[in-house]
Amino acid sequence: PKPPPPDRGVPKPAERRSLGHTSAAGRKTFAMRAAETSLAAAKQAWRRAETAAARAKQLREELTAAPADSAERQRLALETADAADEARAAKAQWQEALGKAEASMEEAKKGRDKAARAEKRAAE
């Protein structure tokens, strides 16, 4: 017969539970993954909003520097209005995404707290 494998200091399942670890320790819940995904979407929406705001600001500066009563000034005025609309829409999308991210983080926190209470009861 083969000799037993050497003990490498890895706690056995029963020892892990007594140390407060479960077989699910370190695993992410569905709610946590959803929260991370929604947070990433909010960050992306924020970047889009920042880019749109910077573009609108740049166009406003070009508009003020353009000669009065010129075709370029009229073109820039139209572009500036479009860019401002885009910036407002992007900001609204960002705020909506941020709200969703906050809600999903709350759900993940509730799930984590519930699991911690259940684990504490099991340990008693």
Side-chain angles (χ1 to χ4, degrees):
K2 288 171 66 175
D7 185 17
R8 292 196 170 85
V10 178
K12 293 174 179 48
E15 292 171 350
R16 276 201 314 260
R17 279 191 292 280
S18 70
L19 293 172
H21 300 155
T22 65
S23 59
R27 294 189 197 158
K28 293 183 182 174
T29 63
F30 174 77
M32 194 63 190
R33 289 183 198 281
E36 288 176 349
T37 301
S38 62
L39 186 60
K43 285 180 182 178
Q44 199 170 28
W46 176 78
R47 282 189 206 103
R48 282 194 300 272
E50 287 292 305
T51 303
R55 175 78 179 133
K57 182 180 177 185
Q58 178 189 9
L59 285 170
R60 275 194 305 274
E61 290 171 359
E62 288 178 22
L63 179 63
T64 56
D69 298 330
S70 67
E72 181 185 0
R73 188 173 180 90
Q74 290 176 349
R75 179 188 61 80
L76 284 170
L78 291 173
E79 279 188 46
T80 302
D82 286 345
D85 288 343
E86 278 183 38
R88 276 190 289 278
K91 185 176 181 182
Q93 287 174 345
W94 166 58
Q95 289 174 335
E96 182 181 329
L98 187 60
K100 287 180 182 177
E102 288 173 347
S104 62
M105 291 297 258
E106 275 300 312
E107 283 299 312
K109 185 175 184 259
K110 285 179 190 175
R112 191 177 62 233
D113 292 347
K114 185 178 178 182
R117 283 192 305 272
E119 198 170 303
K120 188 176 181 181
R121 278 194 304 266
E124 291 174 352

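- Within the structure, the salt bridge (charged side-chain N to carboxylate O under 4.0 Å, His left out) test picks out the following pairs touching residues 80-98 (sequence neighbours left out): D85-R88, E96-K100.
- Distance CD/E102 to CG/L98: 4.5 Å, rounded to 0.5 Å.
- Note that CG of L59 and CG of L78 are 11.0 Å apart. Values are rounded to the nearest 0.5 Å.
- Residue M32 shares its hydrophobic cluster (ILVMFWY side chains chained together at separations under 4.5 Å) with no other residue.
- For A52, the side chain to side chain contact (heavy atoms under 4.5 Å, CB included) partners two or more places apart in sequence, or in a different chain, are A87, A90.
- By the side-chain hydrogen bond (donor to acceptor under 3.5 Å, both in side chains) test, Q95 pairs with no residue at all, sequence neighbours left out.
- Sorted by first and then second residue, the pairs that involve residues 41-63 and meet salt bridge (charged side-chain N to carboxylate O under 4.0 Å, His left out), not counting sequence neighbours, are R55-E79.
- Minimum heavy-atom separation, W94 to A45: CA-CB, 3.6 Å.
- Taken from CG in L39 to CD in Q44, the straight-line distance is 11.5 Å, to the nearest 0.5 Å.
- Considering every non-hydrogen atom in both S70 and P67, the closest pair reads OG-O, 2.9 Å.
- The residues K110 and E107 are annotated as salt-bridged, a charged nitrogen and a carboxylate oxygen being separated by less than 4.0 angstrom.
- Here the closest heavy-atom approach between residue A35 and residue A108 is recorded as CB-CB, 4.2 Å.
- Scanning for side-chain hydrogen bond (donor to acceptor under 3.5 Å, both in side chains) contacts around T80 gives an empty result, with sequence neighbours left out.
- Within 6.0 Å of CG in D69 there are 12 or fewer heavy atoms belonging to other residues, nucleotides or ligands.
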